[in-house]
Number of protein chains: 2
Amino acid sequence: MKLDERHLIQLAAVINAGGVTEGAELLGMTQPAVSRTLALLEKRLGEPLFVKGRRPLRPTPFGRALADHGQAMLLSSRKASELVDNFRYGRAGTVRVAGTQFFMDALISGLIADFHNERPDVRIVQSYGYMPDLQDAIRADRVDLAICPVDVLDGDDMEFQSILPGRNVVACRVTHPLLLKRKLKGPEVLDYPWIAPPPNSPLQADMRALLLSFGSTGVSVPYIGGSLASAINYLTRTDALTILPHGVVFAYRKVGDITALPLRVPHPQRALGILRLAGSPQSPAVTAFTNHIATSFGKLSELIKRHEQSVVWKA
Amino acid sequence: MKLDERHLIQLAAVINAGGVTEGAELLGMTQPAVSRTLALLEKRLGEPLFVKGRRPLRPTPFGRALADHGQAMLLSSRKASELVDNFRYGRAGTVRVAGTQFFMDALISGLIADFHNERPDVRIVQSYGYMPDLQDAIRADRVDLAICPVDVLDGDDMEFQSILPGRNVVACRVTHPLLLKRKLKGPEVLDYPWIAPPPNSPLQADMRALLLSFGSTGVSVPYIGGSLASAINYLTRTDALTILPHGVVFAYRKVGDITALPLRVPHPQRALGILRLAGSPQSPAVTAFTNHIATSFGKLSELIKRHEQSVVWKA
DNA sequence: AAGTTTCATAGCAATTTGCTATATTATATG
DNA sequence: CATATAATATAGCAAATTGCTATGAAACTT
């Protein structure tokens, strides 16, 4: 026999609270409403749920057994309500964020940690990718937002919010011999081995362009394909050089292992920012996350600018 | 935010079944009804539950999380329905049965076992008592039915269904010396020690009346207060006698340890039977149990009658 | 590109839900 | 034992919800 779930929940509330009046209050209903429900239930079941004529309302064994199931439903219902509330205020949910490896690893992962200190119940699903794929992923709803460098946006279905200028620098360890030179021209960098950024990354193209601008023909590139952690480790143990977004070097300023050469690198017309679907309704958690990233960089921007001057233009 | 439990259940059904049509069928509803529910839910929540425009209907993470709670409720609901069905057909529930010790122990406990072979999920709560208390217990709804000897019924709120004539016999072990006597008069029984039935039991009054009818003044009564198992054990190891309902001796015929003296015992105007509240609606399990007891004794009655003749009137 | 399947929408009758006001009943109190 | 008090049941009514059938609109299949 199929019966209404809400009826069982009311039954459970009444039995738990120890009375129709209290049970009704527990559910935010009036006493007559609940009373009628119970009468209806008994009538339909053809079995008494309460020992009639007893004031400290006593359920029959049957009533109690039914109420147990109602109680289970009441708990589930409560949890569902809580879930909804959390979700609506962006305190729960899932954010699927993608981006370029170095940038995600160096800067975004830390911001995610900060975000989780505020909203620990939001799940972050992170993935990596480069520009055309990122755009596809967003369009295919595999990803909510991407954090990546963008020069030209094709298609007007996307919205791009810039958070950082796309400056690159030549990175090396802090004890690198080139840092001792008084006037660093440029071509000297061709004398050192270079680490190549991940294949197909915009950074790789940037590096090629940079080396060509110094007249490179055959620079030694002995290490390719490592992610950020590998690159940093390698850098700190050799005199190798590589190209990195300035933001990445900035992120590692506290560690003190690597820095940038005081060398002007021609930077492309490109900005790092947040890419997402234009005008599409985002879940509150995604909105909150996007805002967090944007405002975090807003606060960082002055710091980053000063750092750039002190490192790149020093001496 | 409070939301309708049935809506969540429908959501769960749809996601589990993998489509609105299948989900609706699962719940015994039509597709438009469920479709509307989902639309309403999404509208109220302000969040999409499904990735729109995809045929193998794909839920959003939020939708899936909500559906999980709905699934829990669906399971609870199913179990509740099952409980109701079982209860309505007397396959589940509780039967509170009370009665006189000897009779319950000797005969009813076995019938309860038979009953449970048919309906294992009915819980039997057994208690002991004598007549006035039993009636009170029934009236106070502490007990569903009583199985006991009744002579006169006071009050017309009770219904009594006779199942066995209230015959008593003098019980002894099968090797008792009195069984060897050709013609047993009666007063010989006064030469042996007697076990007294539990205090306040009708049997105790019967025994007193019996001994008086044989002219007793001071019979030896060395053992008092034991329940049936104790009495039987004691009987089989001594030449003691006691008074027992014939039905009890009948129940132990297979064991072969005790029997009855071929002695006519004046029996009171009394019948063993089932006592319950008249006209009151009984739970199906109680009805089924009552019927089981009544029909079992119906089948036994011929057997019991023959046994009585063979034992009491033999020789 | 047509066919098939599946989902969404519309309209309507019946049920259910909620409320307030009030009657009834059970316990507590004098 | 009557009366006071608290709790539950009932009545009546407006609004929301539920169910259905019929039908339109997409999305996959072929």
Side-chain angles (χ1 to χ4, degrees), chain A residues 1-60 63 67 70 73-74 77 81 139-141, chain B residues 1-60 63 67 70 73-74 77 81 139-141:
Chain A
M1 182 192 201
K2 195 187 67 185
L3 23 79
D4 195 322
E5 289 76 20
R6 309 173 62 191
H7 292 176
L8 294 185
I9 288 179
Q10 291 177 36
L11 173 65
V14 166
I15 288 185
N16 266 25
V20 178
T21 310
E22 297 89 328
E25 193 166 3
L26 199 78
L27 296 174
M29 302 174 62
T30 58
Q31 171 265 321
V34 176
S35 182
R36 178 175 48 185
T37 298
L38 296 181
L40 196 75
L41 251 184
E42 286 194 332
K43 186 175 153 196
R44 286 190 184 162
L45 293 170
E47 290 295 327
L49 297 169
F50 293 92
V51 181
K52 52 183 177 294
R54 278 285 168 277
R55 195 48 80 96
L57 216 53
R58 230 183 46 193
T60 62
M73 289 191 254
L74 178 56
S77 182
S81 291
R139 288 208 181 91
D141 193 36
Chain B
M1 183 190 201
K2 196 187 68 185
L3 25 77
D4 195 321
E5 288 76 21
R6 308 174 60 191
H7 292 177
L8 294 185
I9 289 179
Q10 290 176 39
L11 173 66
V14 167
I15 288 185
N16 266 25
V20 179
T21 309
E22 296 89 329
E25 193 166 2
L26 200 75
L27 296 174
M29 301 173 63
T30 58
Q31 169 266 321
V34 176
S35 182
R36 178 175 48 184
T37 297
L38 297 180
L40 196 75
L41 251 184
E42 286 195 332
K43 186 175 154 197
R44 287 190 184 162
L45 293 169
E47 290 295 330
L49 297 169
F50 293 92
V51 181
K52 51 184 177 290
R54 278 287 168 278
R55 196 49 82 91
L57 213 52
R58 229 184 45 191
T60 63
M73 290 192 254
L74 178 55
S77 181
S81 292
R139 288 206 180 93
D141 194 34

Of all the choices, [options], which nucleotide is nearest to the side chain of [X] once you look at every atom?
X: A:Thr21; options: D:dT8, D:dT18, C:dC7; value: D:dT8
X: B:Ala39; options: C:dT20, C:dT16, C:dT9; value: C:dT9
X: B:Val20; options: C:dC7, D:dG19, C:dG18; value: C:dC7

Rounded distance (Å) that lies between atom [atom2] of [N] and atom [atom1] of [X]:
X: A:Met29; N: C:dT16; atom1: CE; atom2: P; value: 14 Å
X: A:Glu5; N: C:dT17; atom1: CD; atom2: C1'; value: 16 Å
X: A:Leu41; N: C:dT15; atom1: CG; atom2: P; value: 18 Å
X: B:Ile15; N: C:dC7; atom1: CD1; atom2: P; value: 13 Å
X: A:Lys43; N: D:dT10; atom1: NZ; atom2: P; value: 10 Å
X: B:Glu42; N: C:dA8; atom1: CD; atom2: C1'; value: 12 Å
X: A:Leu38; N: D:dT8; atom1: CG; atom2: C1'; value: 10 Å
X: A:Gln10; N: C:dT16; atom1: CD; atom2: C1'; value: 11 Å

Original post:
Can you tell if the side chain of A:His7 reaches within under 4.5 Å of the side chain of A:Leu40, non-hydrogen atoms only?
Top reply: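 Yes, at least one pair of side-chain atoms sits under 4.5 Å.
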Original post:
Quick one: does B:Leu74's side chain get under 4.5 Å of B:Asn16's, heavy atoms only?
Top reply: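 No, too far: nothing below the 4.5 Å cut-off.
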Check this one for me: any side-chain N or O of [X] less than 4.0 Å away from OP1 or OP2 of [N]?
X: A:Ser35; N: D:dT8; answer: no
X: A:Arg36; N: C:dT20; answer: no
X: B:His7; N: D:dT17; answer: no

Under 3.5 Å donor-acceptor, [X] side chain and [Y] backbone:
X: A:Glu42; Y: A:Phe50; result: yes
X: A:Ser77; Y: A:Met73; result: no
X: A:Glu5; Y: B:Arg6; result: no

Original post:
Would you say the base of C:dA8 and the side-chain of B:Gln31 have a donor-acceptor pair closer than 3.5 Å?
Top reply: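 When only heavy-atom distances are counted, B:Gln31 does reach the base of C:dA8 through a donor-acceptor pair under 3.5 Å.
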**OP:** Just call it for B:Arg6: base, sugar-phosphate, or nothing, with non-hydrogen atoms closer than 4.0 Å on any strand.
**Re:**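 Counting heavy atoms under 4.0 Å across all strands, the contact made by B:Arg6 is with sugar-phosphate only.
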Subject >> Most 5' of B:Gly28 and B:Arg44 on DNA chain D, judged by nearest nucleotide >> reply: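 First, find each residue's nearest nucleotide; the 5'-ward one identifies B:Arg44.
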